[in-house]
Amino acid sequence: MPSSSAPKTLYDKVFEDHVVHKDESGSYLIYIDRHLVHEVTSPQAFEGLKNAGRKVRRGDCTLATVDHNIPTISRANFKSVDTFVDQEDSKLQVMTLEQNVKDFDITYFGMTDDRQGIVHVIGPEQGFTLPGTTVVCGDSHTSTHGAFGSLAFGIGTSEVEHVLATQTIIQTKSKNMRISVNGDLAPGITSKDLVLHVIGVIGTAGGTGCVIEFAGSAIESLSMEARMSICNMAIEAGARAGMIRPDEITFNYLKGRPLAPKDAEWEKAVKYWSTLYSDEGAHFDYDIQIKAQDIVPTITWGNSPQDALPITASVPDPATVDDPIKKAGMERALEYQGLIPNTPLQQINIDKAFIGSCTNSRIEDLRAAAKVAKGHKKADNVKLVLVVPGSGLVKKQAEKEGLDKIFEAAGFSWREAGCSMCLGMNPDILDPEERCASTSNRNFEGRQGAKSRTHLMSPAMAAAAAIKGHFTDIRQWQYNTSDEPTVQISSGEDQELQDAVYEHEKQPLESSELLVQDRINDIPKQSSSAPAPSVGGGDKFTVVTGITAPLDKANVDTDAIIPKQFLKTIKRTGLKNGLFYELRFVKDASGKDVETDFCLNVEPYRAAEILLITGDNFGCGSSREHAPWALKDFGIKCMIAPSFGDIFYNNSFKNFLLPIRLPQEVILSKLYPVASAGKKLTIDLANQQIRNGETDEVLVEHFDVEPFRKHCLLNGLDDIGLTLQKEEYIQAYETKRRDVFSFLEGGSKLIKPVTGAKKSKFGLKTQEW
Ligand SMILES: CC(C)[C@H](C(=O)O)[C@@H](O)C(=O)O
Ligand code: SF4
């Protein structure tokens with residue numbers, strides 16, 4: 001891609017530095033520097049590679065761990081995954097990953113390794129995540145890594161397979177959004193309050209189609225942990241990614257990390273990283289200003305992260321809302337959450353608290369929670385407070401500082417690393433109707449267990465709620481400062497490990513001279529003479545005439561499309577019954593599933609091939625490709641909505657499903673009457689037109705679809721096959737990358753192999769760096 005001298009945003013720069021090839025249709029092939037892999041979204045991708053006889057192109061750019069399915073109870077008796085993980089489907093996913101990392105020679109942190117943890121905690125912790133890199137993972141919260149000035153985003157399983165095979169991904173350019181937060185945050189206000197506040201302002205669809213750059217003095221003054229919490233939740237604002245300009249705080253965090261560049265390569269890297277900022281005058285499609293002083297302790301009340309309110313507010317009242325879709329949504333959320341309008345938030349009692357997740361399970365988060373808990377006991381009405389560190393190394397550091405003792409003295413339960421009750425794919429779940437103060441990032445229906453009630457907040461607020469038994473304004477907290485938790489430097493073999501990860505934070509970084517080097521992106525155009533790999537996929541989408549089911553709902557998240565219990569499969573099929581499970585079924589007295597009156601349960605919509613959604617943001621949230629797989633299994637071929645979650649939109653095309661964006665008024669006036677009368681619509685992709693399926697009357701003259709995606713759907717083309725035809729471009733990029741970005745070479749392969757039986761305190765084997 002030719003460099004231009006026009007001012008560029010941080011996103012523009014990182015994107016352009018990774019362009020391998022640009023198609024005439026305007027779609028780009030971009031190179032991926034870092035690929036994180038976990039057990040939930042990878043089995044089908046590895047299976048695809050095996051079936052096609054393909055290899056993993058860059059093992060050094062790939063790092064795997066287990067996090068979602070694993071129990072968080074003590075591993076003192078751990079012998080093997082087979083004996084330790086009780087749930088059969090969870091065990092299968094973990095063991096499948098363990099087999100795949102062996103078969104494909106991928107660096108892996110398993111359950112006996114202190115470096116195991118939530119994928120978004122371990123990448124930065126190891127220095128695998130670096131500024132200016134492209135980072136992907138089959139997980140929506142990959143946006144976390146953008147805190148380093150990397151372009152990091154979640155992908156679906158088909159794309160995981162694409163990256164494993166080609167080390168590239170097909171992308172279109174997103175829009176640029178800047179959210180500047182200026183001024184000082186008041187005491188007690190954390191980055192979690194900040195990001196909940198931002199989502200409350202712009203909404204969960206506010207960032208759709210955009211990469212958000214978080215900027216301004218309030219952001220610049222935050223630690224890396226705090227910045228990660230913000231970028232983590234960029235996906236909850238609907239954005240493709242969140243980014244923060246790398247600076248001295250970033251470099252200090254990274255220096256000395258096991259996989260960060262060293263010596264001369266470090267110097268070279270810092271020089272490049274120092275060029276990664278938005279130029280003066282760069283164009284932002286949206287520029288939003290927020291005053292830091294407006295941010296107060298913030299918690300959510302409903303089932304969407306945008307349902308955020310100051311802790312001093314009361315439960316909202318639907319009687320004050322005019323918009324009928326919003327009003328109905330609010331009524332449903334209040335009923336689900338068991339809340340009465342106008343109740344002051346601070347009068348709401350909780351049953352459990354969860355301190356953990358990729359948003360808030362880093363050492364700084366645990367310190368904040370421990371500071372609140374110190375010298376207190378959990379309230380009697382609070383049945384369980386789970387404290388789940390983000391990685392084995394965070395756990396060890398917390399124990400070194402005595403935080404575990406503070407938690408245990410307060411009656412909290414101190415656990416092993418993993419995703420835990422954030423999503424409850426492991427045994428850590430809420431019982432129906434239990435209310436939880438949670439530091440996680442999603443409060444969707446059923447997220448923490450069937451009928452669970454989640455309220456999102458900061459670690460300090462969750463700890464305070466656990467102690468008081470109800471939501472509490474942290475600004476009024478009486479801290480017990482008698483003797484601060486002291487850092488106990490443990491002696492013995494683990495010391496080196498600790499030092500490698502944490503002690504470097506104390507080393508001052510010499511400020512480096514700003515040097516703008518040649519950008520990598522002037523790749524010569526070449527013609528491909530390599531034999532063309534096969535590109536035929538099998539499926540196609542041309543014209544579909546089908547029954548259209550109307551769905552009157554906004555913000556339908558992928559947790560609702562296919563709940564977590566159905567993610568524990570290693571196949572792409574068999575998901576029909578799981579589709580909209582919580583909406584389609586209720587349990588009768590004997591525990592049997594009974595159908596509700598949900599639209600897909602009534603005639604003629606049981607045979608629907610098209611889904612017409614009237615509300616915004618269909619398929620928001622998680623990257624699970626299980627959502628399009630389940631729709632496809634049901635027989636759906638096309639979804640029409642005012643807007644879609646970005647990853648879901650992308651995943652749909654990979655499965656030959658067509659998502660069509662149309663303005664809400666067009667949906668309501670032209671298509672809804674046909675759908676609600678039980679009649680058919682015709683979707684004609686070649687002509688980009690929607691007609692009445694019975695009369696052939698044109699209802700929508702034109703809908704948009706990107707030319708490349710249209711071409712693939714019409715011709716049943718397989719992306720991986722197409723990309724492999726660009727092998728020469730990929731090789732040319734890699735040759736240049738080895739020179740310009742030499743500090744990225746080696747990647748996860750710089751991890752030293754197991755050198756022997758170093759015993760940790762649980763008697764488990766510990767790997768050396
Ligand atoms: C399992 C994974 C696909 C999912 C995600 O993409 O976010 C999970 O991490 C979540 O938080 O819901
Ligand atoms: S959001 Fe929760 S489930 Fe998803 S990666 Fe983060 S901790 Fe794991």
Side-chain angles (χ1 to χ4, degrees), residues 158 537-553 556 558 560-562 566 572-581 583-584 595-615 618-619 625-645 648-662 666-668 670-700 702-705 709-710 712-716:
S158 298
D539 269 331
K540 274 186 188 177
F541 188 110
T542 50
V543 178
V544 168
T545 297
I547 298 282
T548 305
L551 179 56
D552 276 317
K553 236 173 164 288
V556 179
T558 50
I561 299 175
I562 185 86
F566 300 100
R572 291 173 199 249
T573 50
L575 293 166
K576 182 176 174 182
N577 282 342
L579 179 68
F580 293 118
Y581 182 77
L583 295 166
R584 272 169 70 207
E595 286 189 347
T596 62
D597 62 357
F598 184 70
C599 63
L600 296 180
N601 288 339
V602 290
E603 298 297 352
Y605 305 118
R606 286 178 191 277
E609 290 178 76
I610 301 162
L611 197 57
L612 184 72
I613 306 108
T614 56
F618 184 77
E625 199 163 316
H626 309 67
W629 294 338
L631 286 160
K632 195 172 171 175
D633 258 5
F634 186 88
I636 300 290
K637 299 193 171 89
C638 170
M639 297 79 59
I640 306 170
S643 62
F644 292 93
F648 172 81
Y649 184 78
N650 212 17
N651 285 341
S652 299
F653 283 102
K654 307 286 172 199
N655 291 283
F656 298 93
L657 298 181
L658 174 62
I660 301 177
R661 298 185 186 114
L662 285 177
V666 175
I667 292 178
L668 290 174
K670 305 274 187 197
L671 308 181
Y672 196 81
V674 180
S676 54
K679 303 287 186 220
K680 293 184 176 178
L681 288 176
T682 295
I683 314 294
D684 179 346
L685 177 59
N687 293 306
Q688 295 178 231
Q689 206 176 58
I690 303 180
R691 299 189 292 274
N692 184 316
E694 328 268 329
T695 64
D696 220 31
E697 180 200 353
V698 176
L699 300 173
V700 175
H702 176 86
F703 61 81
D704 282 336
V705 54
R709 296 188 193 270
K710 175 177 171 181
C712 290
L713 246 53
L714 285 175
N715 297 294

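Since the model is a prediction, treat every value here as computed from it, not as a measurement. Start at 1 with the first residue, then count along the sequence.
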Looking at CZ of F648 and CZ of F618, how far apart are the two atoms once the value is rounded to the nearest 0.5 Å? 5.0 Å
From CA spacing to verdict: side-chain contact (heavy atoms from CB on, under 4.5 Å), V705, L685: CA-CA 9 Å; V705 54; L685 177 59; 4.0 Å; yes
Donor-acceptor check, side chain of D684 to backbone of V543, threshold 3.5 angstrom: yes or no? no
Look only at the side chain of T596 and the backbone of L583, and say whether a donor-acceptor pair between them is shorter than 3.5 Å. yes
If you look at every heavy atom in I613 and M639, which pair is closest and at what distance? CD1-CB, 4.2 Å
Give the C-alpha distance, both sets of side-chain angles, the deciding distance and a yes or no for side-chain contact (heavy atoms from CB on, under 4.5 Å) between S158 and R572. CA-CA 10 Å; S158 298; R572 291 173 199 249; 3.5 Å; yes
Could you give me the CA-CA distance, side-chain angles and deciding distance for R691 and K680, then say whether side-chain contact (heavy atoms from CB on, under 4.5 Å) is met? CA-CA 9 Å; R691 299 189 292 274; K680 293 184 176 178; over 6 Å; no
Flag, side chain of Q689 to backbone of F703, donor-acceptor distance under 3.5 Å: no
Test the R709-F653 pair against the cation-pi criterion, namely NZ or CZ under 6.0 angstrom from the six-membered ring centroid and within 45° of the ring axis. yes
Less than 4.5 Å apart, side chain to side chain, heavy atoms only: is that true for T682 and I690? no
For residues I547 and G678, report the shortest heavy-atom separation together with the two atoms involved. CD1-O, 3.5 Å
Counting N and O atoms only, with roles assigned by atom type, does the side chain of S652 sit under 3.5 Å from a partner on the main chain of P628, one being a donor and the other an acceptor? no
Find the distance between CG (L671) and OG (S676) and round it off to the nearest 0.5 Å. 10.5 Å
Rounded distance [0.5 Å steps], CG in L699 versus CD1 in I667: 12.5 Å
Do L713 and T542 make a side-chain contact, defined as non-hydrogen atoms from C-beta onward lying under 4.5 Å apart? no
Taking side chain as C-beta onward, heavy atoms only, is F580 less than 4.5 Å from I562? no
Is E697 paired with K670 through a side-chain N to carboxylate O contact shorter than 4.0 Å? no
Determine whether F541 and C638 make a side-chain contact, defined as any pair of heavy atoms from C-beta on separated by less than 4.5 Å. yes
Please identify each residue that fulfils side chain to side chain donor-acceptor pair (under 3.5 Å) with D597, with sequence neighbours left out. none
Minimum heavy-atom separation for Q688 to K710, with atom names? OE1-NZ, 2.8 Å
From L579 CG over to F598 CZ, what is the distance, rounded to the nearest 0.5 angstrom? 7.0 Å
Gap between atom CD1 of I660 and atom CG of L611 - 0.5 Å precision: 12.0 Å
Determine the minimum heavy-atom distance between A675 and T548, stating which atoms define it. CB-O, 3.4 Å
Short side-chain donor-acceptor distance under 3.5 Å, N655 and E625: yes
Main-chain N/O of F644 paired to R661 side chain as donor or acceptor, under 3.5 Å: no
With distance as the sole test, does D633 use its side chain to make a donor-acceptor pair with the main-chain N or O of G574 at under 3.5 Å? yes
Shortest non-hydrogen contact from V544 to E609? CG1-OE1, 4.2 Å
Atom pair CG (L658) and CD1 (I636), whose distance is rounded to the nearest 0.5 Å: 12.5 Å
Non-neighbouring partners of Y605 that pass side chain to side chain donor-acceptor pair (under 3.5 Å), sequence neighbours left out: none
L657 vs K632 side-chain heavy atoms within contact, under 4.5 Å: yes
Minimum heavy-atom separation for G615 to A641, with atom names? O-CB, 4.3 Å
